[in-house]
Amino acid sequence: MDDRQEMARLREEIEAHNHAYYVLDNPSIQDHEYDALVRRLRALETVHPEEAADSPTARVGGRAAFSPVRHVVPLESLNDVFTLEELTAFDARVRAALPGPVVYVLEPKVDGLSVALTYEDGRFVSGATRGDGITGEDVTHNLLTLQTLPKTLRGAPARAVVRGEVFMPKAVFRALNAGREARGEPLLANPRNAAAGSLRQLDPEIVAQRRLDIVLFNMQDMSGPWPETHHETLALMASWGLPVIPHTVFAALPPLLDAVARLGEARDEYPFDLDGAVVKLDSLPGRRLLGSTARAPRWAAAYKYPPEQKETLLTGITIQVGRTGVLTPRATLTPVRLAGTTVTNATLHNEDFIRDKDIRIGDTVLVQKAGEIIPEILSVTLSKRPAGAAPYVFPGTCPACGAAVVREAEEAAARCTGAECPAQRARRLAHFASRGAMDIKGLGPATVELLLARGLIETPADLYRLTTADLADLPGFAEKSASNLVAAIDASRQRGLERLLFALGIPQVGQKAAVVLARHFGTLEAVRSAAPEDLTALRDIGPAIAESLRRYLGSPQGAHLVGALEAAGVRLTAAQPQPSEGGRFAGQTFVLTGTLRRHTRDQAAQRITAEGGRVSGSVSERTSYVLAGEKAGAKRAKAEALGLRILTEEEFEALFD
Ligand code: AMP
């Protein structure tokens, strides 16, 4: 039997077991036997990736999770225009190509994630993401959690396929980020990424919590007679009960151009983020005449608004002290509405940034938010500078502890030198507990501040002595949350050296270096006693890291903390065994690109380094594998050009079998 025959047999067998298990609820095989079949099939699919499409290995729990779906009608992109002149030129092209009067429909360009929904006999049967426009992913289960998506339609024909945009309402996005901030988790950059990430969650319950919404803006396909115009198809869709995009019909260009500008000014009033306005030819026969280029229809144009900018008053500059003592200046602004949120702060980066832009307290500054959360200061409006505004003098002492502030030659950052600085201590503790470090759930920056203020902790080792009774009468703590936190702290004892080395906050030692060191040396003692040349012999460990480790682990404070953690029962050995003689990826280099859905990048990198492989940021002839997720762009293209081995996540996983 050749590989292909074996794959076909395995697939058939697995499908039959799936049917018995999931449909008949009567398993026909032991779990481990089933797992062995799936593993064997995955391994073969790695060798013959061209045969892997629509395989049971791509599904989770027997039901299709994100299996590929071919769109009945492609989900096209849009041509962008950036000025009203370009929009006028678009209009001229349309008029030149069509006989008779030209009518347009204007719609906001919703900044979300495009999906196609299929209704049969008025029932929602499936939904898919846009993907590359030809093939998307089946996200039916997740779409079912959208409250505003009708599951049944009134008066719809036998079959209708409609296209729209899934988005995270701005209010939900703000609430989600406020929660993340309180827990010390990294913030989501913008509602679009948040919506895309949410819709691709494997667990529909999480999707449901994200309160996504949808608006529909196109009829893709429909049985029965079609109207002649786009606005009538939208009216028809609305009559069936679908939430349809706000739209206006224009028979002449000048009022349309005015409306485009007004829509941009009214951005705040929409529940979704919008990054442009879409101008579409209303006549459907006219659309057919104009047709499409390879990428986008000729009958529509997306006018992209420039990022919103506003002037506001800079009323003060505060300094935040980070865990390594770096002082970061921040501008306090008179609150101003910008791109859908109220802006009250902007980062000023460092002393040089303030000096180069000559930013002074009392200045009127121009701020911009380019789709991201943290706004930036573009410039100072010198004509509005009040008399007597003095140049800003960067503090020479730490605002938190009063110790001297130093700035090394060649460094942009100024640092507090205080060994006992309370601000650094709080940040270090929060870092210790953070997700990439010891991952102690419920111990965000606010709780750390509270514990410090009550004198309950001073160093990370003190955390392990906390009892439910210590926490129960803290503000905001009930008995349950107190015991949850104690349990979370307890669980962190077993995280292993990979995380502990990072959690200690040793300057220069990032997550990657921590993993490399832990996996190579296995114990903290071995790292501590390693000669500098043994350290720098490892990939990714340079002299600066080696020196920083020596200093930290050799210092009385470092040694004391490590001793206290050990006494508290914190594991000082690697969680993953050292790779046996280099591991299976020894000498091989991986590049990760695109959005991964089965792993975080960290997890994928950890699995690779655990097996002795190396993760690199750039593709070259020396790259052994490129692990390409969704929307992999330039790196994937380069890998293809070089003829390198490109893996999907499934193929990547199969390498471990
Ligand atoms: P782009 O991604 O820049 O090529 O823009 C095209 C995308 O705009 C499409 O994939 C749609 O998801 C999205 N879009 C948002 N609102 C609309 C709308 N009203 N009409 C058409 N496309 C829209």
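All ligand and atom numbering here is 1-based and tracks the order in the structure.
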Between ligand 1 and the protein, tabulate every N or O atom pair separated by less than 3.5 Å, reporting distance only.
from	atom 1	to	atom 2	distance (Å)
ligand 1	4 (O)	S77	OG	2.5
ligand 1	5 (O)	K109	NZ	3.2
ligand 1	8 (O)	K109	NZ	3.3
ligand 1	10 (O)	R130	NH1	2.8
ligand 1	10 (O)	R163	NH2	2.9
ligand 1	12 (O)	S114	OG	3.0
ligand 1	12 (O)	E165	OE1	2.5
ligand 1	12 (O)	E165	OE2	3.3
ligand 1	16 (N)	V110	N	3.0
ligand 1	19 (N)	E107	OE1	2.8
ligand 1	19 (N)	P108	O	3.1
ligand 1	20 (N)	K280	NZ	2.9

What residue pairs, at least two apart or across chains, pass ring-ring contact (aromatic ring centres under 6.0 Å, His included) with a residue in [range]?
range: residues 205-239; value: none
range: residues 284-304; value: Y303-Y305
range: residues 239-290; value: F167-F272, Y270-F272

Report task. Could you tell me whether the side chain of Y119 reaches within less than 4.5 Å of the side chain of V162, counting heavy atoms only? Result -> yes

Requested in this report: Give a yes or no on whether a salt bridge exists between R288 and E228, defined as a side-chain N under 4.0 angstrom from a carboxylate O.
Outcome: no

Query raised in the report: Any side-chain donor-acceptor pair under 3.5 Å between S77 and R295?
Result: yes

